[in-house]
Amino acid sequence: MTLVGVLITVLGFVIAVLSVAMTSSVGGRMVLVLIGIALSLIGIIRIINGAFLKNAVWRR
Amino acid sequence: MEEIRSVKKTILLLTLSLNASLALAQAPAAPAAAPAAAPVPITDSDLKGVASPSNDDRLRGDPGGSITGTVADIAVADSKKGLTIGDVVNQIGQNKIAINFVWTLITGFLVMFMQAGFAVVETGLCRAKNANHTMMMNFMVYGVGMLAYWLIGFAIQMGGVGGNGNLGGIQPLNTEWTINLFGKAFGLFGQHGLFLTQGGTYDVGTMVMFLFQMVFMDTALTIVTGSCAERWKYVAFVVASFVMGAFTYPLFANWAWGNGWLANLGANFGLGKGYCDFAGSGVVHAVGGLTALAGAMIVGPRLGKYTRDGKPNAIIGHDIVIVLTGCFILAFGWFGFNPGSTLGASGNGNLRISSVAVNTMLAGMTGGFGAMFYMWMRYGKPDASMSGNGLLAGLVAITAPSGFVNTVGASIIGLIAGVLVCISVEFVDRVMKVDDPVGAISVHGTNGLWGVLSVGLFADGKSNYGGSWNGVNGSVTGLFYGDASQLVAQLMGIATLIGFVFTFSFVVFWIIEMVVGHRVSAKVELDGLDLPEMGQLGYPEFELKARSAAAA
């Protein structure tokens, strides 16, 4: 799951970068960048961190 | 009736004429239309008549300071010709650059002293049994980072930045490696400046730039030692810090400050003035904070931090006195961090250093207030360590916008940061269950991102640093002052920090985990890291007193 989280986090960054080519409108770019940020945050907070919490030292 | 009307009319006329005469009296006198005086050319012969203090005068000393620093002190290129206009003009140019060199170097020295602030803040927030280890990490991160940056990092960050008029050109830093994407050049890293000799970089202006950028980089590195404190193997710390100083920090810093693709979002894609980060909320603090998050996740929480059902226990630091002293040292150093980022005190727009300094102190103050009142209302006491973190959060948040906002904007940014740091600490601690002994992730990561965002909201369009920023004419202007596209550029920076910088740091930490291992053994952690890792206790007398007290 950690690897999936890493890939999703990077995907968020890629979507943000692609926004400059996908549309020329400020609003459109803003929406795409915000989607990218949300995706990256999900990747870090939910997926990567979730994977670490499953094997956390305090659970043992 | 007619008489009354007549009297009223007379009074009205008198009043009007009196007002008119008063108005005329208060109005500035119209300037007489004088013919424009033709400029009188100054020739070399005019300079011959400028009196120089005699030797006798100089031998008597100069208690009034009126004969020190005169025409006699201007270097003459050709003694046969004597003083010429060329000599005077060259001296003026050198004076401007000298002022900027001194300004940038001294503010760099202030930033260097922030290492001491970080060291005592982090050590005070950790337990006494780990004091030597925590202090030593903060001490040696300075050297490890500097070595990595001198060897590789500076070239990656600034090797393609191009000229800088404030520092006399620094033309050797002119080679940026780019790729072509969507029909535009995307700058990825610089190529000049390895060892500060390669590519003609043995250059006085380049040395100033190196010193100033080096201490910024070291600030980012020392953030990570806080989040991983009290359980991090010293050898893993050395390797991780070297990689961060050589690659992680310089890459993002190049994109933002070194003529990279983020800086050029305005010129290439019409997004405001490109990604704007005046002194590094994103470049320094968010990079440090997100790397701290990656590190804390992989290293894992300290033993005893969480119960078996995941509830957090408070592990109290050992010295609140040095924590708050450290916060003051950091606040002092921040006057180097932000105003110094003009890279000069003389030149177009550089007098805004006063505005930058005032914004910095205001945001720090409102940040401290925000955290203090939040904790007071929520827990009934004005928590000292969180008030300190609130001050730092305000300073972190104002770092990016300090050069672009007014004092009201700065105060609001700091106040929000002070509250945000408290909420973020609770979120990281209770929801994410990531153990961050000093709150580094929240102070630097969360508020670094907030600082970057706030440029896109609060930049008031009044700053003017030579008429353009990142190669786009005009002043940086945020959403609240009419430019939504600047907000998109800032969000792009945030997406890069979260999506790229975090991931890069996470992979680096992962590799180190596999090769060296990050975590000390449970026994070492419980005993304290000072003896097993460093060979010496931080406070040996404390140990003796505890034993004698137990014996009694």
Side-chain angles (χ1 to χ4, degrees), chain A, chain B residues 181-184 186 231 261-262 265 268-272 290 293-294 296-298 300-313 427-428 431-435 449 456 483-504 506-507 510 519 522:
Chain A
M1 281 307 283
T2 306
L3 191 60
V4 174
V6 167
L7 291 174
I8 288 176
T9 307
V10 174
L11 181 64
F13 164 61
V14 172
I15 288 172
V17 174
L18 288 176
S19 70
V20 294
M22 290 163 80
T23 173
S24 59
S25 79
V26 171
R29 286 173 173 176
M30 192 179 293
V31 169
L32 284 169
V33 176
L34 286 172
I35 289 171
I37 290 172
L39 210 56
S40 291
L41 286 174
I42 290 168
I44 296 170
I45 295 170
R46 297 288 299 178
I47 304 176
I48 297 176
N49 193 46
F52 275 96
L53 286 181
K54 276 185 185 168
N55 300 309
V57 64
W58 45 268
R59 286 189 193 276
R60 296 170 205 161
Chain B
L181 213 56
F182 319 130
K184 305 285 182 185
F186 269 56
R231 74 274 202 206
W261 67 274
L262 275 172
L265 283 175
N268 286 342
F269 300 102
L271 292 176
L290 289 165
L293 174 62
M297 276 180 175
I298 291 179
R302 291 166 292 176
L303 296 176
K305 174 63 190 172
Y306 292 99
T307 60
R308 279 189 181 278
D309 56 354
K311 285 185 181 159
N313 293 316
F427 182 80
V428 170
V431 179
M432 291 183 72
K433 300 190 195 304
V434 172
D435 183 16
L449 296 175
D483 187 2
S485 69
Q486 186 62 54
L487 182 60
V488 179
Q490 300 308 111
L491 287 170
M492 191 78 89
I494 290 173
T496 308
L497 285 160
I498 297 172
F500 177 82
V501 173
F502 172 85
T503 310
F504 189 91
F506 186 83
V507 171
W510 208 355
R519 182 108 188 191

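Convention: sequence-line order gives letters A, B, ...; per-chain numbering from 1.
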Heavy-atom cut-off 4.5 Å, strictly under: side chain, backbone, both or neither for [X] against chain B?
X: A/S24; value: neither
X: A/I44; value: both
X: A/L39; value: neither
X: A/L34; value: side chain

Q. Quick one: of B/I298, B/L265, B/L293, who has the most non-hydrogen atom pairs under 4.5 Å with chain A?
A.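 Of B/I298, B/L265, B/L293, B/I298 has the most heavy-atom pairs under 4.5 Å with chain A.
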With rounding to the nearest 0.5 angstrom, report the [atom1] to [atom2] distance, [X] to [Y].
X: B/L491; Y: A/L32; atom1: CG; atom2: CG; result: 12.0 Å
X: A/R29; Y: B/L487; atom1: CZ; atom2: CG; result: 13.5 Å
X: A/I45; Y: B/F427; atom1: CD1; atom2: CZ; result: 4.5 Å

What heavy-atom pair brings [X] and [Y] nearest, and what distance separates the two atoms?
X: B/G310; Y: A/W58; answer: CA-CZ3, 3.5 Å
X: A/L3; Y: B/W510; answer: N-CH2, 4.5 Å
X: A/R59; Y: B/R308; answer: O-NH1, 3.5 Å
X: A/S40; Y: B/G499; answer: OG-CA, 3.6 Å
X: B/M492; Y: A/V20; answer: CE-CG1, 3.4 Å

pair A/F13-B/I498: side-chain heavy atoms closer than 4.5 Å: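 In short, these two side chains do not touch, never coming nearer than 4.5 Å.
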* Asked: Considering only heavy atoms from C-beta outward, does the side chain of A/V17 approach that of B/F500 to under 4.5 Å?
  ->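 The answer is no; the side chains never approach within 4.5 Å.
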Side chain, backbone, both or neither: which part of [X] has a heavy atom under 4.5 Å from chain A?
X: B/F502; answer: side chain
X: B/N268; answer: neither
X: B/L303; answer: side chain
X: B/T503; answer: side chain

Next item on the list: Could you label the plane-to-plane angle of the A/F52 and B/F506 rings as parallel, tilted or perpendicular, counting under 30° as parallel and over 60° as perpendicular?
Entry: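 Answer is perpendicular, since the angle exceeds 60°.
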Worked verdict on A/V57 versus B/Y306 for side chain to side chain contact (heavy atoms under 4.5 Å, CB included): CA-CA 9 Å; A/V57 64; B/Y306 292 99; over 6 Å; no
Max heavy-atom pair count under 4.5 Å with chain B, selected residue of A/N49, A/L41, A/V33, A/N55 =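 The residue among A/N49, A/L41, A/V33, A/N55 with the greatest pair count is A/N49.
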